[in-house]
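Following: one structure in structure tokens, then a few remarks.
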Amino acid sequence: MPRILNRPHLVWGWRGTLADDVERQVGSVNAALASLGAQPVDFDTVRHHFATSAPAICAGILGRALTDRERTRASMAFETYHSRRPPADLMPGTEDLLTLLIRSGCSHSVLSLSAHVGLARHISDLGVASLSLRVDGRTGPSARSKKQPLARHLSTLRQTMGDRPIVLIGDAVDDVRAAFANQIHPVPYTGGLTHPDILRSSGGPVAGTLAEAAALAVEYAHTEWPSP
């Protein structure tokens with residue numbers, strides 16, 4: 001099949017990737033730290049310790065494991081801070097970029113560890129739900145990795161896409177690991193919450209903008225997926 005007719009499907013992360021919410025995330029982390037009696041930290045510190053859950057971020061910053069009670073307290077403080085803020089906007093230019101990619105033959109979906117109901121409502125309220133074939137968020141307890149959620153997401157996509165190339169774009173090392181585990185290409189995006197140096201050490205191409213991430217995804221989609 002000519003490559004122009006087999007453009008990749010792009011699975012996008014939400015927080016720290018399509019959503020312009022980095023400052024909100026830092027505020028949420030500091031709310032979680034405050035619930036543990038710790039001092040606030042700056043953006044760079046959060047980026048060096050970013051993980052897939054608030055307790056994991058706090059544990060990294062504090063340099064120790066949290067108790068079960070502290071984990072619950074940190075999670076609640078993190079989510080409460082989020083819930084009391086207005087919904088985040090899209091990263092500037094995102095809607096135009098996604099639309100342009102669709103016109104070129106690509107398609108999109110969103111996969112996030114955020115709660116599904118709130119995620120789907122947020123995307124709908126932003127008026128961009130029609131740009132994604134699927135939106136999948138968390139439907140159960142907090143997850144520490146996208147590995148299994150991505151496997152389920154891909155299984156559903158494959159029912160209609162067959163062997164069409166799929167690429168995952170996200171701002172976390174966990175995105176890279178989940179993509180490797182599911183044998184698809186990752187494109188780490190440095191505009192989110194993980195420090196660029198950490199993403200560069202994870203292997204593969206690294207993008208500084210969403211447009212660059214999309215271009216790399218299209219470029220690498222038809223190559224053999226790399227081993228981690």
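- Side chains of S114 and R15: a donor-acceptor N/O pair is present below 3.5 angstrom, by distance only.
- Rounded to the nearest 0.5 angstrom, L157 CG and S109 OG are separated by 5.0 Å.
- Counting all heavy atoms, side chain and backbone alike, V218 lies closest to C106 at CG2-SG, 4.0 Å.
- Separation of atoms NE2 (H48) and CG (D42) is listed at 10.0 Å; rounding is to 0.5 Å.
- In this structure, the separation between CZ on R103 and CG on L101 is 11.0 Å, given to the nearest 0.5 Å.
- Residues L216 and P205 come closest through the heavy atom pair CD1-CB, 3.8 Å.
- To the nearest 0.5 Å, atoms CE (M76) and OG (S35) are separated by 9.5 Å.
- Atoms CZ and CG, from F50 and L199 in turn, are 10.0 Å apart once rounded to the nearest 0.5 Å.
- Relative orientation of the W12 and H108 rings is tilted, given thresholds of 30° and 60° on the angle between their planes.
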Please step through side-chain contact (heavy atoms from CB on, under 4.5 Å) for the pair L113 and W14, ending with a clear verdict.
CA-CA 9 Å; L113 296 181; W14 183 247; over 6 Å; no
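- Here L62 contributes atom CG and L33 contributes atom CG; the two are 6.0 Å apart, rounded to the nearest 0.5 Å.
- No salt bridge links R85 with E23; every basic N to acidic carboxylate O contact stays at or beyond 4.0 Å.
- Taking the side chain as every heavy atom from C-beta outward, D136 and T156 never approach each other to under 4.5 Å.
- Minimum heavy-atom separation, A217 to L10: CB-CD2, 3.6 Å.
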Let me see the working for L18 and I123 under side-chain contact (heavy atoms from CB on, under 4.5 Å), right down to the final yes or no.
CA-CA 10 Å; L18 294 183; I123 292 174; over 6 Å; no
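- A salt bridge links D197 to R200: at least one charged side-chain nitrogen sits closer than 4.0 Å to a carboxylate oxygen.
- Note on residues 159-173: pairs passing side-chain hydrogen bond (donor to acceptor under 3.5 Å, both in side chains), not counting sequence neighbours, are S107-R164.
- Between T190 and G208, the closest heavy-atom pair is OG1-CA, 3.3 Å.
- The two residues V135 and A120 come nearest to each other via the heavy atoms CG1-CA, 4.4 Å.
- The two residues V41 and V26 have their closest heavy-atom pair at O-CG1, 4.3 Å.
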